[in-house]
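In what follows, a single structure is set out as structure tokens and then discussed.
This is a predicted model, so every value here is computed, not measured. Nothing fancy with the numbering, it's 1 onward along the sequence.
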Amino acid sequence: MGVAKIPAVLWLLGAVLALGVSVSPAQGAKTRYHDFFIKESNYTRLCKERTVLTVNGQFPGPTIYARKGDLVIVNVYNQGDKNITIHWHGVDQPRNPWSDGPEYITQCPIRPGGNFTYRVILSEEEGTLWWHAHSDFDRTTVHGAIVIHPKLGTTFPFKKPHKEIPVILGEWWNADVNHLLEEAQRTGGEINISDANTINGQPGDLFPCSKAGTYKIPVQHGKTYLLRIINAGLSNDLFFGVAGHNLTVVGTDGHYTKPFAVKHIMIAPGQTMDALLQANRADGGRYYMAARTFASNPNIEVNNSTATAIVEYMDDAPARGRPEFPANLPGVNDIDSATAYTAQLRSLGSKDHPVNVPRKVDERMLVTIAVNVLPCAPNETCGGPGGNRLAASLNNVSFASPAVDILGAYYRSVRGVFDTDFPNKPPFFFNFTDVDNDPVERWATKRGTKVKVVEYGAVVEVVFQDTSILGAENHPMHLHGFTFYVVGRGFGNFDEQKDPATYNLVDPPHQNTVSVPKAGWAAIRFRAANPGVWFMHCHFDRHVLWGMNTVFIVKDGKAPEAKMLPQPPNMPTC
């Protein structure tokens, strides 16, 4: 038995004894083992060599392959020089917040020289998810795909593709991102933008010193390829398309959608999209696959660059010549194209993949999203608006990360770590989306470690409302521990009397990260049937740093299978 298997087996035995229930994989599923070695590695991009944090020396990191219902055990060895945690993005982790990963929320970080065994429990997910570091800005280079195939004996709800290709969209900084983080924390100012967008770790041949490393996809005429597209970037929504080809979208965030054909997609940080690419060009050739920033707030500086990879037809001989560029890839501020794409996402709703939107709501929340300021400390010089420190908030609460993990404090009934009074609505109401009226007195927020406590089984509806405080923009809001239905969205202020009548309760998309529209709102619903402690936050990392976060605590239910699993014996300590 390998070293990665021993702690996991001990934990399984303890869980069975404690609860009297099985935590093995589903019938016919497998347990799969992986070792992740966190280490520093040298990579050259944009003519400059940098030392970056990686998993097993790979950037992007290794892909995890599994089937629906499998149990994946990952032993993480921290051979780097800083604390780290790993999150399994989009995996619901039923009853198992212990392996969810966000630092100081569900665990203390893994220290240099330490290790921790994560148990990744797959349940209803099928499609593309991903894993990434959930500590500081480490996910810049510490990330990879999770590919979840159908159970044995079942198949895709579309013709099996010739090949499946993970396409990870990301960002590259020439500077050390953690030095940038430290500087932003010191000054309270903005974080320097990235130097390039990337596709599978490469910026593409439009950038200097990048032609040789440009990612290439060889294709054959008449074959269909499943692109498993992931936005792993820290800062940018992205438009993505392939020149001369349509994409047929068939899934998002580990769940199937009704197929629809597009020339491009818009994908927010944290989201995944599954898209079929038909190699149907009889004339062969070479075609750019391109990812360009979509920036909804023109008042902030962005990396307005386009990353490229190359699709090459290889039927007789490798195609030659300069690739064709996507003619219809939207411009950086094209909010209409982003809105039109997102509106087409619908759950598949088949016999094998049914839709089950909860109709009766027990808890309703209106959560305002804002970038704010906090006062600069005496004798400090701060780089935020008005000489203040930049902050961010949900319902005007700027989340303060504790010094110990919230899950451990909740499990052991430790007082003083968090407060249970996160509000169900904002403290004051105004015209949230009036972009021409942003008085200074609305900029301020307050810090707090406030969480929302929910009864087991309650149906929760959260309406995220963007605000124009310090500039309206899209926000990719991610909820750990749950896949939710995005039942509604719109522009302007949410109207609780009129807007619910526009909800889609028949086949809304089933996601874990929702793109809340600039100066608009998005409504999600989920049943809180997963006991534990679950982080909710914007997936723009600078907004996480500034406090655009909160935590759901879902209480245990009465039945054994409705209770949180016991704490593993090898949790890292703070």
Side-chain angles (χ1 to χ4, degrees), residues 1-18 21-39 41 53-80 84-102 106-107 109-111 113-135 138-139 142-152 164 166 168 228 230 254 565-572:
M1 183 176 291
V3 291
K5 299 184 181 183
I6 294 172
V9 170
L10 292 174
W11 190 95
L12 283 166
L13 178 60
V16 171
L17 292 174
V21 294
S22 172
V23 290
S24 300
Q27 186 175 2
K30 291 184 177 180
T31 301
R32 302 173 188 269
Y33 296 90
H34 294 267
D35 287 336
F36 276 17
F37 295 93
I38 308 294
K39 59 174 70 175
S41 304
L53 212 55
T54 64
V55 169
N56 300 347
Q58 299 174 232
F59 166 60
T63 298
I64 291 176
Y65 291 93
R67 290 191 180 274
K68 183 177 180 178
D70 282 355
L71 172 64
V72 181
I73 295 176
V74 185
N75 205 36
V76 176
Y77 299 86
N78 188 359
Q79 297 177 348
I84 200 164
T85 66
I86 304 292
H87 169 54
W88 318 95
H89 187 113
V91 178
D92 289 350
Q93 291 280 29
R95 305 166 51 220
N96 185 32
W98 306 104
S99 286
D100 191 47
T106 60
Q107 69 169 96
I110 308 167
R111 301 178 190 179
N115 72 287
F116 178 58
T117 299
Y118 289 94
R119 298 180 59 261
V120 184
I121 302 173
L122 302 178
S123 52
E124 297 304 312
E125 306 88 357
E126 187 175 324
T128 306
L129 297 174
W130 63 301
W131 58 265
H132 61 81
H134 215 301
S135 46
D138 298 324
R139 77 177 174 91
V142 179
H143 59 249
I146 302 175
V147 173
I148 307 170
H149 287 122
K151 288 181 179 179
L152 288 174
E164 302 170 38
I168 301 179
R228 297 184 175 275
I230 299 163
L565 294 172
Q567 179 176 328
N570 61 334
M571 293 295 296

Residue pair [X] / [Y]: nearest heavy atoms and the distance that separates them:
X	Y	result
Pro166	Tyr65	CG-OH, 4.4 Å
Pro62	Phe36	CG-CE1, 3.9 Å
Val72	His34	CG1-CD2, 3.8 Å
Gly80	Leu53	CA-CD1, 4.4 Å
Thr54	Ser41	OG1-OG, 3.0 Å

Please report the interatomic distance [atom1]([X]) to [atom2]([Y]), rounded to the nearest 0.5 Å.
X	Y	atom1	atom2	answer
Leu129	Ile148	CG	CD1	4.5 Å
Ile84	Asp138	CD1	CG	4.5 Å
Glu125	Lys68	CD	NZ	9.0 Å
Trp98	Gln567	CH2	CD	4.0 Å
His89	Ile230	NE2	CD1	9.5 Å
Phe59	Ile168	CZ	CD1	9.0 Å

> Considering the options Ile86, Ile64, Val55, Thr117, which one meets the side chain to side chain contact (heavy atoms under 4.5 Å, CB included) requirement together with Val74?
Replying inline: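 Between Val74 and the candidates, side chain to side chain contact (heavy atoms under 4.5 Å, CB included) is satisfied uniquely by Ile64.
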Counting N and O atoms only, with roles assigned by atom type, does the side chain of [X] sit under 3.5 Å from a partner on the main chain of [Y], one being a donor and the other an acceptor?
X	Y	value
Trp88	Ile146	no
Asn78	Ile110	yes
Asp70	Arg32	no
Gln107	Met571	no
Asn56	Asp35	yes
Gln93	Ser99	yes
Thr85	Pro102	no
His87	Asp100	yes

> What residues form a side-chain hydrogen bond (donor to acceptor under 3.5 Å, both in side chains) with Arg67, not counting sequence neighbours?
Replying inline: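 For Arg67 there are no side-chain hydrogen bond (donor to acceptor under 3.5 Å, both in side chains) partners, ignoring immediate neighbours.
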>> Could you go through Ile121 and Val91, starting from their C-alpha distance and side-chain angles, then the distance that decides it, and tell me whether this counts as side chain to side chain contact (heavy atoms under 4.5 Å, CB included)?
In response: CA-CA 7 Å; Ile121 302 173; Val91 178; 5.7 Å; no
>> Which label fits His143 and Trp130: parallel for a plane angle under 30°, tilted from 30 to 60°, or perpendicular past 60°?
In response: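 The arrangement is perpendicular - the two ring planes meet at more than 60°.
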> How about Glu124: does its CD atom have over 12 heavy atoms from other parts shown lying under 6.0 Å from it?
Replying inline: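 Atom CD in Glu124 is not packed in, count stays at 12 or less.
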>> If the condition is ring pair (Phe, Tyr, Trp, His ring centres under 6.0 Å), which residues does Phe116 pass it with, not counting sequence neighbours?
In response: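 With sequence neighbours excluded, Phe116 shows a ring pair (Phe, Tyr, Trp, His ring centres under 6.0 Å) to Tyr118, given in chain and number order.
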>> I'd like to check the ring pair (Phe, Tyr, Trp, His ring centres under 6.0 Å) partners of Phe37; sequence neighbours left out, ordered by chain and number.
In response: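 So Phe37 forms a ring pair (Phe, Tyr, Trp, His ring centres under 6.0 Å) with Tyr77.
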>> When you compare the side chain of Ser135 with that of Pro109, does any pair of heavy atoms fall below 4.5 Å?
In response: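 No, their side chains stay 4.5 Å or more apart.
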